[in-house]
Amino acid sequence: MTNNYNREYDVKLDIKVQMFNLSTSLDLNQRIDSLMMCHDYYHNYDNKPAYTWIPMRAERYNSNSYAVGLLDAAKIDDLEEPAYRVPGYENKLPAIYFGVDE
């Protein structure tokens, strides 16, 4: 899986289906720092997991798995269940890939 800041196709609001308000016990600066630290840890992680478009097995992940795993590892609380089927959402990337013990 590839990650980076501000990728060309990250935000296309004209095709969005659902957006979430994220709550957390951290203040805004702590939230951003936590997300950046987790992202950077993953970026520098040598043994990244296998990527697949639609993860059907526990050891396979996609960008939705990355996003929900990152939010969880960064302690962004109260994630809502998506209103639509989101392949990979239920198979979040484990926190260990973000430098966090579960």
Side-chain angles (χ1 to χ4, degrees):
M1 294 196 308
T2 303
N3 66 323
N4 206 345
Y5 299 118
N6 300 320
R7 293 175 15 188
E8 181 180 356
Y9 299 106
D10 276 352
V11 178
K12 293 184 95 176
L13 295 178
D14 58 326
I15 62 169
K16 75 174 178 6
V17 175
Q18 183 177 5
M19 293 181 75
F20 298 102
N21 291 319
L22 301 176
S23 62
T24 181
S25 57
L26 305 173
D27 73 24
L28 181 59
N29 288 330
Q30 289 174 315
R31 223 180 310 178
I32 292 168
D33 288 345
S34 182
L35 285 166
M36 301 286 273
M37 278 184 0
C38 290
H39 167 84
D40 289 344
Y41 187 93
Y42 177 83
H43 183 74
N44 294 313
Y45 196 84
D46 289 332
N47 194 18
K48 290 183 177 63
Y51 179 87
T52 187
W53 288 96
I54 301 177
M56 301 302 281
R57 296 190 326 230
E59 69 277 0
R60 298 289 182 150
Y61 305 97
N62 67 7
S63 57
N64 295 324
S65 305
Y66 172 85
V68 73
L70 172 67
L71 291 169
D72 184 61
K75 305 294 185 231
I76 306 298
D77 306 321
D78 301 329
L79 291 178
E80 300 175 30
E81 287 290 323
Y84 301 89
R85 188 174 183 299
V86 179
Y89 181 90
E90 69 286 344
N91 191 29
K92 71 181 174 187
L93 195 60
I96 192 74
Y97 287 107
F98 301 104
V100 177
D101 292 330
E102 294 193 62

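Sequence positions, counted from 1, serve as the residue numbers for this chain. The structure displayed is predicted, hence computed values, not measured ones. Values below: every heavy atom of this structure, side chains too, minus hydrogens, waters and symmetry copies.
Residues L70 and L93 form no side-chain contact, since every pair of their non-hydrogen atoms from C-beta on lies 4.5 Å or further apart. With a 4.5 Å cut-off on side-chain heavy atoms, S34 and F98 do not count as touching. Residues Y51 and N62 form a side-chain contact, since some pair of their non-hydrogen atoms from C-beta on lies under 4.5 Å apart.
Residues that satisfy the side-chain contact (heavy atoms from CB on, under 4.5 Å) test with Y41, not counting sequence neighbours, are Y45.
Summarising the geometry, atom NZ belonging to K92 is positioned 14.0 Å from atom OH belonging to Y97; distances are rounded to the nearest 0.5 Å. From E90, atom CD reaches atom CZ of R85 across 6.5 Å, with rounding to the nearest 0.5 Å.
Scanning both residues, S65 and G88, for their nearest heavy atoms gives OG-O, 3.1 Å.
Figure legend: K48 and Y42 shown as a cation-pi pair, the cationic atom lying under 6.0 angstrom from the six-membered ring centre and within 45 degrees of its axis.
The backbone N or O of Y89 lies less than 3.5 Å from no partner atom in the side chain of N64, so there is not a single donor-acceptor pair.
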